[in-house]
> 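Take this structure, written in structure tokens, and hold onto it; I'll ask about it next.
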Amino acid sequence: QVQLVESGGGLVQPGGSLRLSCAASGIILPIHAMGWYRQAPGKQRELVAAVTSGGSTNFADSVKGRFTISRDNAKNTVYLQMNSLKPEDTAVYYCNALTGQDYNLGYPGSWGQGTQVTVSS
């Protein structure tokens with residue numbers, strides 16, 4: 001129900017930083033939560049970070065202390081600031097938006113197209 005456009009991916013050296021952006025449009029129902037997932041080759045998609053409408057955040061153990069998720073409600077945009085990047089952070093990163101209806105009915109929500117992050121020297 002929500003259209004998501006991601007940007008900010010690219011190639012970065014280990015120890016570097018990137019900021020991913022996800023702009024949402026077509027919002028009809030209230031958003032329950034937005035999050036970032038990633039999928040590396042040969043691995044399942046995993047939750048990286050999420051923020052709820054109430055401001056609560058959650059991070060994967062592998063990125064705690066290095067990544068930060070934030071939102072700009074006026075711009076309907078969520079960000080993922082990635083610092084101290086490691087080669088194992090290499091993956092396609094996807095933005096997800098979950099409306100209250102999605103949450104109540106067990107729907108997977110809306111997904112962006114994904115943006116590639118490659119950490120390599």
Side-chain angles (χ1 to χ4, degrees):
Q1 297 180 2
V2 181
Q3 291 75 53
L4 304 173
V5 179
E6 299 150 313
S7 62
L11 175 64
V12 65
Q13 292 186 318
S17 299
L18 285 173
R19 189 181 75 160
L20 306 183
S21 300
C22 174
S25 62
I27 300 174
I28 299 175
L29 300 175
I31 298 294
H32 174 72
M34 295 187 70
W36 290 93
Y37 291 71
R38 67 185 181 187
Q39 187 167 20
K43 295 185 177 181
Q44 294 184 330
R45 189 173 299 187
E46 64 175 348
L47 175 67
V48 178
V51 58
T52 70
S53 60
S56 299
T57 59
N58 187 40
F59 298 90
D61 289 341
S62 60
V63 306
K64 287 182 178 178
R66 299 188 297 119
F67 290 11
T68 301
I69 189 169
S70 61
R71 62 181 183 178
D72 186 333
N73 292 330
K75 296 181 178 180
N76 295 316
T77 301
V78 64
Y79 305 93
L80 184 68
Q81 178 67 46
M82 305 184 293
N83 299 322
S84 302
L85 283 162
K86 305 175 181 179
E88 49 264 44
D89 294 317
T90 296
V92 177
Y93 284 70
Y94 298 90
C95 182
N96 174 264
L98 198 71
T99 68
Q101 184 181 62
D102 294 330
Y103 178 80
N104 290 329
L105 297 179
Y107 291 171
S110 301
W111 294 93
Q113 79 287 351
T115 184
Q116 177 71 48
V117 172
T118 302
V119 184
S120 177
S121 58

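All values below were derived from every heavy atom in this structure, side-chain atoms included, with hydrogens, water molecules and symmetry-related copies excluded. Quantities reported herein were computed from a predicted structural model and do not represent experimental measurements.
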> For Y37, what residues pass the ring-ring contact (aromatic ring centres under 6.0 Å, His included) criterion, not counting sequence neighbours?
W111

> Shortest non-hydrogen contact from V117 to G9?
CG2-CA, 4.2 Å

> Identify the two heavy atoms, one from E6 and one from Q113, that lie closest to each other, and give their separation to 0.1 Å.
OE1-N, 3.0 Å

> So, for L80 and A49, which heavy atoms are closest and what is the spacing to 0.1 Å?
CD1-CB, 4.1 Å

> Would you indicate whether the side-chain heavy atoms of V78 and W36 approach each other to under 4.5 Å?
yes

> If you count every heavy atom of other residues, nucleotides or ligands that lies below 6.0 Å from Q44 atom CD, does the total exceed 12?
no

> Main chain of S121, side chain of Q13: is a donor-acceptor contact present, judged purely on distance under 3.5 Å?
no

> Same cluster or not: M82 versus V12, using hydrophobic residues (I, L, V, M, F, W, Y) connected whenever any side-chain heavy atoms lie under 4.5 Å apart?
yes

> Sort and list the pairs that fulfil disulfide bond (SG atoms under 2.5 Å apart) and have at least one residue in residues 45-81, not counting sequence neighbours.
none

> Who passes side-chain hydrogen bond (donor to acceptor under 3.5 Å, both in side chains) against K64, sequence neighbours left out?
D61

> Test: salt bridge (Lys or Arg N to Asp or Glu O under 4.0 Å). Region: residues 68-81. Which pairs qualify, not counting sequence neighbours?
none

> In the hydrophobic clustering (ILVMFWY, side-chain contacts below 4.5 Å, transitive), which residues join Y103, or is it alone?
L98

> Which residues pass the side chain to side chain contact (heavy atoms under 4.5 Å, CB included) test with A91, sequence neighbours left out?
R38, A40, Y93

> Under the 3.5 angstrom rule, does the side chain of N96 hit a backbone N or O of S110 as a donor-acceptor pair?
yes

> Under the side chain to side chain contact (heavy atoms under 4.5 Å, CB included) test, which residues partner V92, sequence neighbours left out?
Y94, Q116

> Enumerate the ring pair (Phe, Tyr, Trp, His ring centres under 6.0 Å) contacts for residues 40-70, please, sequence neighbours excluded, ordered by first and then second residue.
none

> Holding to side chain to side chain contact (heavy atoms under 4.5 Å, CB included), I want the full list of residues that pass it with S56, two or more places apart in sequence or in another chain.
T52

> Between A24 and M34, what is the shortest heavy-atom contact and its length?
CB-CE, 4.4 Å

> Identify, with sequence neighbours excluded, every residue that meets salt bridge (Lys or Arg N to Asp or Glu O under 4.0 Å) alongside R66.
D89

> Give the minimum heavy-atom separation between V63 and V48, together with the two atoms involved.
CG2-O, 3.7 Å

> List the atom of L4, the atom of V2, and the distance in Å for their closest heavy-atom pair.
CD2-CG1, 3.8 Å

> Determine which pairs satisfy disulfide bond (SG atoms under 2.5 Å apart) with at least one residue from residues 53-121, sequence neighbours left out, and list them in order.
C22-C95

> Going by the rule side-chain hydrogen bond (donor to acceptor under 3.5 Å, both in side chains), which residues pair with N83 if we only count those two or more places apart in sequence or in a different chain?
S17, Q81

